[in-house]
Visitor: 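Take this structure, written in structure tokens, and hold onto it; I'll ask about it next.
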Amino acid sequence: MSKILVCVKRVVDYNVRIRVKPDGSGVVTDGVKMGINPFDEIALEEALRLKERGVASEVIAVSIGAAETQQQLRTALAMGADRAILVEQAEAIEPLTAAKVFLKIAEKESPLLIITGKQAIDDDNGQTGQMLAALWNRPQACFASKVEINGNIARVTREVDAGLETLELDLPAVITTDLRLNEPRYVKLPEIMKAKKKPLDILTLASLDITTSRQFNVSKVTPPPVKQKGVMVKDVNELISTLKQKGVL
Amino acid sequence: MNRVLVIAEHVDGIVNLSTHKSVACALQVPDAQVDVAVLSANGKAAEHAAKLAGIQRVILVRRDEFAEPVAATLAPAIVELAANYSHVFAPSTTFGKDVLPRVAALLDVGQLSDIMAVNGAHSFVRPIYAGNALVHITTNASQKVLATVRVASFQPVAETGNAPIEPVTINVTLPTHTRFAGRSSDSTGRPDLQSAARVVSGGRALGSADNFKLIYQLADQLGAAVGASRAAVDAGYAANDLQVGQTGKIIAPDLYIAVGISGAIQHLTGIKDARTIVAINKDPEAPIFEVADVGLVGDLFTVLPEMQKQLG
Ligand SMILES: Cc1cc2nc3c(=O)[nH]c(=O)nc-3n(C[C@H](O)[C@H](O)[C@H](O)COP(=O)(O)OP(=O)(O)OC[C@H]3O[C@@H](n4cnc5c(N)ncnc54)[C@H](O)[C@@H]3O)c2cc1C
Ligand SMILES: Nc1ncnc2c1ncn2[C@@H]1O[C@H](COP(=O)(O)O)[C@@H](O)[C@H]1O
């Protein structure tokens, strides 16, 4: 029966206020709280619901990342994924390389559906799902807020700038998730124990025949410009006169 | 010489303002000649695109399959066009974010998302971590540059041009595996959030869709567009296309009034480029006050009616 592949990235927790290193070499990630990219949690939740509805028989969580990424994959298994694959890679890779890795796994597993987040909230690239769909030569539906599967066709509602748009896709296909697709379930303690016994395979880029050529060089990372401190007004009267003074009203 | 192709976003024969802004970005590439590509079924948007100031020509590709902007269908045609260019840009709207990575992968090149500054033909700045850090990136000179343009960072070019329209025939077979099946929008008849000079935004504090009317009333009085926080959208007070922020719209109005919005980093990302930010919140500790140019601590249910009275 059919499989769903879910891409799960380990990222800095969305509540962390990130700081740029003084030497401009990057951002401070030492000792910072990490978690599953929020969009990927939604992707996993959707896959689990599709499995519960009988659309799929197996949900596989896949990640590319450092050895510690096993933590996030164990969480994914505790949420309900059947097995996990970690492509172990200490240094960050570019989205095109990530897409090539996921393509290899897709070719091996032949899933009905691949669900990714619409963007990873560390680099905010928002590219991997679309690139994977292109390389796989399959349809893509980005920013999904509703997914319906009927036989070999998916109807996906997507959040676009103009409102909501619906696409019909021949499966297999790639879907990227938006925030309102679902609310991910909480993990229960017994599930965490059970997850320890679920299979988690570890691969390397080399074993998949992929090289990590970089196309982009980061010359420096800088903090955003600081804003001038604003003024506090005491009432509506003062608010309106201040805005008039500034010439915006 | 650099040759930049900007992929136009258009609807009903009208080129979206995000295209004007992407052209402005493209014109900052040193020694660049900028073309605009219109992929369309009826070709109507080409005439509008021809007016964009500073461009060399409009490349018009007409195919019946382009009646709707379906990324998987457009991408192979853009790949063909890309052969003649050193740079291919698209706006960082849901349209551009959808299609450009697909083009990049088909070309086997990486893509830059949300470029906010051009420092050279192969040198760009883009935000990461919801805009809390900026990366300065260089690409090697032999590599085609594919990038989406953070539209809030650029002023639109004027419509004073008169570029020639050059029809181009592209014969590649386009996939039929992805089909358009409909579009709906709740928020018509009001200024467009992404291009409005003034925006009034409401948050969770509004408490109901009914109360959210207070936001609409103030917006109407100011000729402003309406925005919302994610919490307000999730709760059903406002339509999804009104969400402002990291995962909603990134906007740069002259005036942004945030009402009952706490100022989470994901929301602030969307308003960093607003010229004047006004915050109305009953909690003096709310993070929104850290970025506000003008702050008022107070209950929105008394402040908004009072504002309407004084402005009316
Ligand atoms: C991956 C990810 C992406 C996200 N993307 C976005 C995004 O694009 N846009 C976005 O907005 N959020 C986004 N969020 C959510 C964000 O983190 C916040 O949860 C959200 O912005 C909070 O909305 P809010 O300010 O309306 O609600 P709250 O944080 O609940 O704030 C309500 C505020 O109203 C004030 N208030 C209450 N009553 C009154 C009153 N009577 N008068 C005046 N003030 C009052 C309170 O003091 C409070 O500050 C994202 C989150 C994640 C995890
Ligand atoms: N290293 C990775 N490991 C797992 N999933 C990833 C990785 N990189 C990207 N993805 C997936 O692709 C989505 C978009 O990522 P990005 O293109 O980097 O913004 C993420 O939400 C993930 O679902």
Side-chain angles (χ1 to χ4, degrees), chain A residues 12 14 17-18 20 27 94-96 99 118 121-127 130-131 133-135 138-140 142-143 145 155 159-170 178-180 215-224 227 230-233 235-237 239-240 242-243 246 248-249, chain B residues 70-72 75 93-94 97-98 101-102 104-106 109-114 127-139 143 177-186 194 230 234 239-241 247 249 254-255 265-266 272 276 278 291-297 303 306-307 310-311:
Chain A
V12 171
Y14 73 93
R17 256 196 207 209
I18 209 78
V20 174
V27 301
E94 293 171 359
L96 185 58
K118 81 163 176 183
I121 61 162
D122 47 8
D123 286 337
D124 286 332
N125 278 313
Q127 303 170 5
Q130 298 89 308
M131 287 180 161
L135 300 175
R138 295 306 310 165
Q140 72 191 41
C142 295
F143 330 129
S145 64
R155 269 181 87 86
E159 297 203 14
V160 295
D161 291 335
L164 296 173
E165 186 179 291
T166 305
L167 290 179
E168 198 177 86
L169 320 173
D170 293 338
D178 214 319
L179 289 172
R180 275 171 287 277
Q215 295 193 19
F216 299 114
N217 311 303
V218 173
S219 54
K220 64 179 173 190
V221 178
T222 54
K227 264 200 80 153
V231 295
M232 296 302 284
V233 293
D235 56 22
V236 171
N237 210 348
L239 173 64
I240 289 174
T242 306
L243 293 179
K246 284 179 171 284
V248 289
L249 271 191
Chain B
V70 175
T93 54
T94 52
K97 289 178 187 172
D98 190 17
R102 189 158 182 124
L106 294 175
V109 294
Q111 188 215 285
L112 292 166
S113 295
D114 308 313
I128 55 172
Y129 288 98
N132 289 301
L134 309 178
V135 261
H136 300 245
I137 289 177
T138 55
T139 65
Q143 179 190 329
H177 52 46
T178 312
R179 296 169 293 274
F180 177 82
R183 183 177 299 117
S184 66
S185 174
D186 293 352
Q194 261 161 323
R230 176 190 172 190
D234 284 358
N240 75 289
D241 48 324
T247 51
K249 290 182 174 130
D254 294 334
L255 175 63
I265 46 176
Q266 294 87 4
K272 284 214 166 84
T276 301
V278 176
V291 301
D293 299 286
V294 186
L296 173 58
V297 176
V303 170
E306 181 63 27
M307 277 181 85
Q310 293 202 22
L311 290 166

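As a basis for the values below, the full set of heavy atoms in this structure was taken, side chains included, without hydrogen atoms, waters or symmetry mates. Below, chains carry the letters A, B, ... as their sequence lines are ordered, and counting in each starts from 1.
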Visitor: Identify, with sequence neighbours excluded, every residue that meets salt bridge (charged side-chain N to carboxylate O under 4.0 Å, His left out) alongside R183(B).
Guide: E165(A), E68(B)
Visitor: Less than 4.5 Å apart, any side-chain heavy atom of T222(A) and any of V20(A)?
Guide: no
Visitor: Does the side chain of L255(B) reach to within under 4.5 Å of the side chain of V278(B), using non-hydrogen atoms?
Guide: yes
Visitor: Give the member of T138(B), V70(B), I265(B), V303(B) that has the highest number of heavy-atom pairs under 4.5 Å with chain A.
Guide: T138(B)
Visitor: At a heavy-atom distance under 4.5 Å, which candidate from D98(B), N132(B), D234(B), I128(B) has the highest pair count against chain A?
Guide: D98(B)
Visitor: With a 4.5 angstrom heavy-atom cut-off, could you sort out which part of T139(B) is near chain A: side chain, backbone, both or neither?
Guide: both
Visitor: With respect to chain B, which residue among P139(A), P224(A), P223(A) yields the maximal number of heavy-atom pairs within a distance under 4.5 Å?
Guide: P139(A)
Visitor: Quick one, L311(B) with L249(A), criterion side chain to side chain contact (heavy atoms under 4.5 Å, CB included). Give me CA distance, side-chain angles, the key distance, then yes/no.
Guide: CA-CA 10 Å; L311(B) 290 166; L249(A) 271 191; 4.0 Å; yes
Visitor: Could you tell me which non-hydrogen atom of V294(B) sits nearest to which non-hydrogen atom of K246(A), and how far apart they are?
Guide: CG2-CE, 3.7 Å
Visitor: Name the member of V218(A), D170(A), L96(A) that forms the most heavy-atom pairs with chain B at distances under 4.5 Å.
Guide: D170(A)
Visitor: Pick one of side chain, backbone, both or neither for E94(A), based on which atoms fall under 4.5 Å of a heavy atom in chain B.
Guide: neither
Visitor: Counting heavy-atom pairs under 4.5 Å with chain B, which one of A134(A), S219(A), S145(A) comes out on top?
Guide: A134(A)
Visitor: Tell me, out of A71(B), A105(B), S184(B), A292(B), who's got the most heavy-atom pairs with chain A below 4.5 Å.
Guide: S184(B)
Visitor: Less than 4.0 angstrom from a charged side-chain N to a carboxylate O is my criterion; do K227(A) and D293(B) meet it?
Guide: yes
Visitor: Using a 4.5 angstrom heavy-atom cutoff, name the option from R179(B), Q194(B), R230(B) with the most pairs to chain A.
Guide: R179(B)
Visitor: Which residue out of V160(A), V236(A), D123(A), N237(A) racks up the most heavy-atom pairs below 4.5 Å with chain B?
Guide: V236(A)
Visitor: Would you say Q130(A) and C142(A) make side-chain contact, with heavy atoms under 4.5 Å?
Guide: yes
Visitor: Taking every non-hydrogen pair under 4.5 Å, which of V221(A), V231(A), L135(A) racks up the most with chain B?
Guide: V231(A)
Visitor: Tell me if the CZ atom of F216(A) is crowded by more than 12 foreign heavy atoms within 6.0 Å.
Guide: yes
Visitor: Could you check which of D114(B), V297(B), T93(B) has the highest count of heavy-atom pairs closer than 4.5 Å to chain A?
Guide: T93(B)
Visitor: Using a cut-off of under 4.5 Å for heavy-atom pairs, which of V12(A), L169(A), I18(A) has the most such pairs with chain B?
Guide: I18(A)
Visitor: Contact between I121(A) and Y129(B) at the side-chain level, heavy atoms closer than 4.5 Å - yes or no?
Guide: no
Visitor: With only heavy atoms counted, which part of I240(A) is less than 4.5 Å from chain B, the side chain, the backbone, both or neither?
Guide: side chain
Visitor: Name the region of A99(A), side chain, backbone, both or neither, that has any atom closer than 4.5 Å to a heavy atom of chain B.
Guide: neither
Visitor: Between Q310(B) and L239(A), is there a side-chain heavy-atom distance shorter than 4.5 Å?
Guide: no
Visitor: Count the heavy-atom pairs under 4.5 Å between each of K249(B), Q143(B), K97(B), K272(B) and chain A, then report the option with the highest count.
Guide: Q143(B)
